[in-house]
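Notes follow once the structure below has been shown.
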Amino acid sequence: MLELIKGTKIDFLGKKKFAFIFSGLISIIGIIAIVQIFNGRANLGIDFAGGTSIQLKFEKPVDIHSVRKALDESNIRDFDLQDFPASNKILIRVKKSEQQLGQVSDTITGVISQKLPDNKYVIDSTTSIGPKVGGKLRADAGKAVLLATLGILVYIAIRFKFDFAIGATVATFHDVLAVLAVFYLMGREINLILVTALLTIAGYSLTDTVVVFDRIRENLRLRIKEPVEAVMNTSINEVLSRTIITSLTVLLTSLALFFFGGEVIHDFALAMILGVVVGTYSSIFVANPIVLLWRGKKAFAKK
């Protein structure tokens with residue numbers, strides 16, 4: 001593979017204290033975000049909070065501000081708007097209790113017909129989710145992320161050693177918490193699209209971490225007499241070019257989705273951008289120091 005960087009001798013593990021401080025802070029914010037999500041206090045999408053989503057297709061271009069003003073004047077609260085100018089579509093999402101779900105769609109269409117009579121429309125789609133279903137989806141999403149991470153633990157333990165499994169699992173949890181923390185601080189919507197992105201990020205992070213681990217394991221077999229920390233640093237430097245190229249490839253793809261993919265996958269692309277950056281960082285500055293601290297500086301036995 002093309003080597004963008006050759007012969008580096010960076011002491012990555014020597015910076016583990018600063019990395020742990022940074023990672024600790026971002027992980028704490030991520031844990032707070034998880035608590036808020038399960039308590040229903042974050043900016044939850046209708047997938048998790050319950051509500052109605054209705055998409056309207058207009059004959060002529062429609063101003064999203066006019067739609068927002070019409071809904072505000074009709075005392076419709078707690079709604080989000082998303083426009084698709086290329087196709088003259090507006091997506092309206094309203095978070096409502098289960099008793100109100102049946103009335104929301106009719107209320108919205110009635111308001112739009114009254115306030116914007118010169119721009120006819122058709123209903124593209126309507127989706128309603130009750131709060132009980134949303135709560136179950138929220139719990140199932142948490143289980144999916146947890147089971148995926150536990151699967152990583154088992155895979156790495158079999159593929160390498162338990163020491164490496166601990167490092168990979170902590171790094172994966174770190175990446176999920178970091179992306180959640182940023183979305184929570186930005187006030188972005190937490191929905192099933194984000195959960196899909198988090199599972200994708202977990203897979204990417206694992207792949208990047210395994211490449212580094214594989215080189216470390218190979219060098220530990222060949223350099224038994226050298227200090228473990230020195231061998232790990234050398235191994236990270238040897239695959240640094242590969243790590244950067246892989247990350248840049250995924251990052252460029254995610255940036256293209258973010259800027260040109262449309263509003264529907266905007267949050268997914270943003271999560272992937274954050275995930276690639278954080279995943280690359282954690283595969284170097286989180287996973288490896290955890291392995292070193294868990295195992296200690298004793299030589300690894302041949303396997």
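Salt-bridge check for D208 with R242: passed, with a basic side-chain N closer than 4.0 Å to an acidic carboxylate O. With salt bridges taken as basic N to acidic carboxylate O contacts below 4.0 Å, one links D214 and R217. With respect to K136 and D140, a salt bridge is recorded, a charged nitrogen being found less than 4.0 Å from a carboxylate O.
At least one side-chain heavy atom of I290 sits under 4.5 Å from a side-chain heavy atom of F20.
Just one of V111, L71, T52 meets the side chain to side chain contact (heavy atoms under 4.5 Å, CB included) condition when paired with I92; it is L71.
N288 and S283 make their closest contact through ND2-O, 2.7 Å (heavy atoms, listed as atom of the first residue, atom of the second, distance). Contact record, L199 with A148: CD2-CB, 3.9 Å, taken as the closest heavy-atom pair.
Taking the centre of each ring, F22 and Y281 come in below the 6.0 Å mark.
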Verdict with reasoning, H174 to S282, per side chain to side chain donor-acceptor pair (under 3.5 Å): CA-CA 8 Å; H174 167 274; S282 70; 4.5 Å; no
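Atom NZ of K15 has more than 12 neighbouring heavy atoms from other residues, nucleotides or ligands inside a 6.0 Å radius.
Ring geometry, F58 versus Y121: the interplanar angle falls from 30° to 60°, so the pair is classed tilted.
Atom CG in D63 sits 9.5 Å away from atom CZ in R68 (nearest 0.5 Å).
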